[in-house]
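Just so you know, residue 1 is the first one in the sequence shown, and it goes up from there.
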Amino acid sequence: MNFLPEDYEAYLAPETDRLSFLRKYLSDRGVQTSVIYLAGKKHIYVNFHSNSYNPQFKIKTLISHYDIVSGSPGANDNSSANFALADFAVKVNELALKGKVLNIRMFFTDGEELGEGGVSEQGSFALAELFKKLGIENDDVFVFDSVGRGTVPVLARAGLDVLMNFKKNRPFAKRFALLFERTQNILREASPQKWMTLPVPYSDNAGFLACGIPAVAITMLPKEEASLYCLELMKDKNLEKTVMNAKLSENADFAFKYREKMPLTWRLFHTEYDNFLSLTPESFKIIEKILEKLLPLYV
């Protein structure tokens, strides 16, 4: 697994304090961070130099959750995105120290793995509430989740439903439509003819959407899994609704019926098989290209 950072396996160890690990990983590479305590959760905020922001331009907020389900190594969900964003933070920090205006914010969030309390218990919900309290509602929010397996970037369809009810929340619908379009363009440029828009289970985008802040989620899938999933969606019209509503745990028979229609990558989540052996080197190269597209063109 020479395509993985040397510290990757250590990060997956069950005894690892992932918050401290990420902060040290970044600090050792010259990137300073702070911890934001909200609603019992601990979020890591990356402290890029203040000179790298210009209020005249839109800020891009990048998010990946660092918490995992107990008993699972969480190699893809969500260590892959953690390392991708951490390494990107090093590059952004180097450019910021050279006086480049980048307008990038970055958080590693806690509490994404939802309990029974629903979206309001999700760590990003309280973070999004803080954004609203501070008047931060015009950022482009990009959530990166499970990007370490496959070659097909997938833009989650979550949030598109608001466009169907455009008149009910016109300002939000307009902002979300523009963000969704911008993200499609980013994926198109980073991975021509090899990206998709699909129903994806909610990640930290759920907390922001619930607070009325447009947010998109990006994940990755192997090509074969993405193709089979598309076929299942066409055959079963209830599958998209089931995925988006996350109802798989309500009934054992119901869950089994739909679980078999899900991509294998998602079925590995929260199990011991979500380990570094399941990851693919191509994924890290593609997500790096996507992140590069978030930098201003003049950098």
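The cluster map of Ile, Leu, Val, Met, Phe, Trp and Tyr, joined by side-chain heavy atoms under 4.5 Å apart, puts Leu221 and Leu228 in different clusters. No continuous path of hydrophobic side-chain contacts links Val243 to Leu264 [ILVMFWY only; heavy atoms under 4.5 Å]. When hydrophobic clusters are built by joining Ile, Leu, Val, Met, Phe, Trp and Tyr residues whose side-chain heavy atoms come closer than 4.5 Å, directly or via intermediates, Phe48 is grouped together with Ile136. A continuous path of Ile, Leu, Val, Met, Phe, Trp and Tyr side chains, each step under 4.5 Å between heavy atoms, connects Val143 with Trp195, placing both in one hydrophobic cluster. With hydrophobic clusters built from ILVMFWY side chains whose heavy atoms lie under 4.5 angstrom apart, Leu12 does not share a cluster with Ile68.
With values rounded to the nearest 0.5 angstrom, Ser64 atom OG is found 11.0 Å from Asp77 atom CG. Residue Asp110 holds its CG atom at 10.5 Å from OH of Tyr37, rounded to the nearest 0.5 Å. Note that CD of Gln184 and CG of Leu179 are 10.0 Å apart. Values are rounded to the nearest 0.5 Å. The structure places CG of Leu85 at 9.5 Å from CD1 of Ile63, a figure rounded to the nearest 0.5 Å. Here the CZ-OG1 distance, from Arg149 to Thr219, works out to 11.0 Å after rounding to the nearest 0.5 Å. Considering OG1 of Thr265 and CD of Glu225, their distance stands at 3.5 Å, rounded to 0.5 Å.
Looking only at distances, a side-chain donor or acceptor of Asp67 sits under 3.5 Å from a matching main-chain atom of Glu113. A donor-acceptor contact shorter than 3.5 Å is absent between the side chain of Ser278 and the backbone of Asp274. A donor-acceptor pair under 3.5 Å links the side-chain atoms of Ser191 to the main chain of Lys194, judged by distance alone. At least one donor-acceptor pair under 3.5 Å links the side chain of Asn78 to the backbone N or O of Phe144. Judged by distance alone, the side chain of Ser52 and the main-chain N or O of Val101 form no donor-acceptor pair under 3.5 Å. Judged purely by atom type and a 3.5 angstrom limit, Tyr53 uses its side chain to pair as donor or acceptor with the backbone of Ile104. The backbone N or O of Leu268 lies less than 3.5 Å from a partner atom in the side chain of Thr271, making a donor-acceptor pair. At distances below 3.5 Å, not a single donor-acceptor pair connects side-chain atoms of Ser27 with backbone N or O atoms of Arg23. Formation of a donor-acceptor pair under 3.5 Å by the Asp145 side chain with backbone atoms of Asp204 is not found in this model. Checked by atom type and distance alone, the side chain of Asp140 never pairs as donor or acceptor with a backbone atom of Ile59 at under 3.5 Å.
Checked against a 6.0 Å centroid threshold, the rings of Phe83 and Tyr11 count as neighbours. For Phe108 and Tyr66, the ring centers sit 6.0 Å or farther from each other. Checked against the 6.0 Å centroid criterion, the rings of Phe284 and Phe3 qualify as a close aromatic pair.
Between Glu292 and Leu295 the shortest side-chain heavy-atom distance falls below 4.5 Å. Side chains of Leu127 and Leu38 form a contact here, defined as non-hydrogen atoms less than 4.5 Å apart. Inter-residue side-chain proximity for Met196 and Leu155 is flagged as unmet; no heavy-atom pair is nearer than 4.5 Å. At a threshold of 4.5 Å between non-hydrogen side-chain atoms, the residues Leu134 and Leu130 count as touching. Side-chain contact between Leu22 and Arg18 is absent, with no heavy-atom pair separated by less than 4.5 Å. Counting heavy atoms from C-beta on, the side chains of Pro171 and Arg175 come closer than 4.5 Å. At a threshold of 4.5 Å between non-hydrogen side-chain atoms, the residues Phe57 and Pro296 do not count as touching. When side chains are defined from C-beta on, Lys261 does not count as touching Lys235, because their heavy atoms never get closer than 4.5 Å.
Remark: Arg170 is not positioned above the aromatic ring of Phe172, lacking an NZ or CZ atom under 6.0 angstrom from the ring centre and at most 45 degrees off the axis. Because its NZ or CZ atom is not both nearer than 6.0 Å to the ring centre of Phe88 and within 45° of the ring axis, Lys91 does not count as a cation-pi partner of that residue.
Listed by chain and residue number, nothing satisfies the side-chain hydrogen bond (donor to acceptor under 3.5 Å, both in side chains) test with Asn138 (two or more places apart in sequence, or in another chain). Qualifying side-chain hydrogen bond (donor to acceptor under 3.5 Å, both in side chains) partners for Asn76, counting only residues two or more places apart in sequence or in other chains: Ser80.
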- Message: If you apply the rule side-chain contact (heavy atoms from CB on, under 4.5 Å), what do you find for Glu240 with Arg157, and how did you get there?
- Response: CA-CA 10 Å; Glu240 177 169 357; Arg157 291 181 57 83; 3.2 Å; yes
- Task: Determine, stepwise, if the pair Tyr8 / Leu279 fulfils side-chain contact (heavy atoms from CB on, under 4.5 Å).
- Result: CA-CA 11 Å; Tyr8 208 97; Leu279 305 176; 3.6 Å; yes
- Go through the steps to decide whether Phe125 and Cys211 satisfy the test side-chain contact (heavy atoms from CB on, under 4.5 Å), and finish with yes or no. CA-CA 7 Å; Phe125 183 82; Cys211 288; 3.6 Å; yes
- Message: Please determine whether side-chain hydrogen bond (donor to acceptor under 3.5 Å, both in side chains) holds for the pair Arg182 and Asn185, giving the CA-CA distance in whole Å, both sets of side-chain angles, and the decisive distance to 0.1 Å.
- Response: CA-CA 5 Å; Arg182 281 194 290 271; Asn185 290 335; over 6 Å; no
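Asn47 approaches Ser34 most closely through the heavy-atom pair OD1-OG, 2.8 Å. Of all heavy-atom pairs spanning Phe180 and Ala156, the tightest one is CE1-O, 3.4 Å. Across Leu19 and Ile44, no two heavy atoms sit closer than the pair O-CD1, 3.8 Å. Contact record, Phe176 with Ala215: CE1-O, 3.5 Å, taken as the closest heavy-atom pair. The minimum heavy-atom distance between His65 and Ser203, with the atom names listed, is CD2-OG, 4.2 Å. Contact between Pro153 and Met220 at its shortest, heavy atoms only, is CA-SD, 3.6 Å.
Other residues, nucleotides and ligands place more than 12 heavy atoms under 6.0 Å from the CZ atom of Phe21.
Residue Asp139 forms a salt bridge (Lys or Arg N to Asp or Glu O under 4.0 Å) with just one option from Lys58, Lys132, Lys60, Arg105, and that option is Arg105.
Using a 30° and 60° split on the angle between ring planes, Phe107 and Phe131 fall in the tilted class, from 30° to 60°.
Salt bridge absent: Glu189 and Lys289 never bring a charged side-chain N and a carboxylate O closer than 4.0 Å.
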